[in-house]
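The next block holds one structure in the form of structure tokens; read it before the comments.
Treat the numbers as computed from the prediction; the structure is a model and nothing was measured. We're numbering straight along the sequence, starting at 1. Values reported hereafter were calculated over all heavy atoms of this structure, with side chains retained and with hydrogens, waters and symmetry mates removed.
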Amino acid sequence: MKEGILFILTISFFLTGCCIQKDVAVEKLCSTNYPIILVHGIGMRDDLGIVKYWSKIPKVLEKEGAQVFLANQDAFNTHVENAIKLRERVLEVLEKTHAKKVNLIAHSKGGLESRFMITRFEMADKVASLTTLASPHRGSFLADTILSWLSKREWLDNVVNFVNNYGHFTGDEKPDALSAAKNLTLGYMKNFNQSVPNMPQVYYQSFGGLVTDDYPAWKIRFQHKIMLKGEGENDCTVSK
């Protein structure tokens, strides 16, 4: 996992050109001109004490010369609310490091929140690059399926209340699990993409993966089959 992330980061920074320090030793692959902010996805905060959302990745990047910060946005909230928090975090990191820009590396829904922040909050001049990992830029058929399934069985309210309570318990001030899920649907993201264009001064790139029928985890295979019907080849939550 960490080797793959390092490879992605290395390619990302070399392609952006302005992000790699030219006087850095070759072995310090991630020693960049700008600090990195890791932006987590839905379902889990990145500031929990016991379970680490990014595992050992921050330490590995720091060992390779990077300045790394976590975004600390909510686990269950809308793109707008989390983009507000992300904007505050970017400004905080810039003030702390005296850097002119940041590099954003975002997983899943965090990629959408990063895009929203950059474009709608006019933060393009403060972001050198955005690298998204398994972000549902066109929405996720799985989100549509789950919401529809829960609604038909009249379980939606109970599940949403449970998730909101969990989110509040783990640190979200005002979790909104239902809106967060709706933000990932196919229809929502179609409108999102029309109103949140990429900004020319920011370098964007996106990476994803695919699951095969012989994947060892049955839950992943099950989700993969659901997604396969709606969107084709996928990683169990996001299509290629």
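Annotation: the span from K56 atom NZ to K63 atom NZ amounts to 11.0 Å, rounded to 0.5 Å. A distance of 12.0 Å separates NZ of K152 from CG of L147, quoted to the nearest 0.5 Å. The CG atom of N183 sits 9.0 Å away from atom CZ of F116, with the distance rounded to the nearest 0.5 Å.
For the pair T185 (side chain) and A181 (backbone), a donor-acceptor distance under 3.5 Å is absent. A donor-acceptor pair under 3.5 Å is formed between the side chain of D144 and the backbone N or O of L186. Using modelled atom types, no side-chain atom of Q73 and backbone atom of L86 make a donor-acceptor pair closer than 3.5 Å. At distances below 3.5 Å, at least one donor-acceptor pair connects side-chain atoms of S140 with backbone N or O atoms of L142.
Judged purely by distance below 3.5 Å, without hydrogens or angles, the side chains of N77 and D172 never pair a donor atom with an acceptor atom. E113 and N82 form a side-chain donor-acceptor contact under 3.5 Å, judged by distance and modelled atom types alone. A donor-acceptor contact under 3.5 angstrom links the side chains of H137 and T132, judged on distance only. Side-chain contact annotation: K190 with Q194, donor-acceptor N/O pair under 3.5 Å absent.
Ring pair H40/Y53 is tilted by interplanar angle, where 30° to 60° counts as tilted.
The number of heavy-atom neighbours closer than 6.0 Å to CZ of R89, taken from other residues, nucleotides and ligands shown, is above 12.
Checked against the 6.0 Å centroid threshold, H79 and Y188 count as a close aromatic pair. Note: Y215 and H224 fail the aromatic proximity criterion, with ring centroids not under 6.0 Å apart.
Linking Ile, Leu, Val, Met, Phe, Trp and Tyr whenever their side-chain heavy atoms come within less than 4.5 Å puts F162 and W149 in one cluster.
Summarising the geometry of C236 relative to V211, their closest heavy-atom pair is N-CG2, 4.2 Å, with the distance given to 0.1 Å. The two residues L70 and P58 make their nearest non-hydrogen contact at CD2-CG, 4.4 Å.
You'll find the side chain of L38 stays beyond 4.5 Å of the side chain of L104, heavy atoms only.
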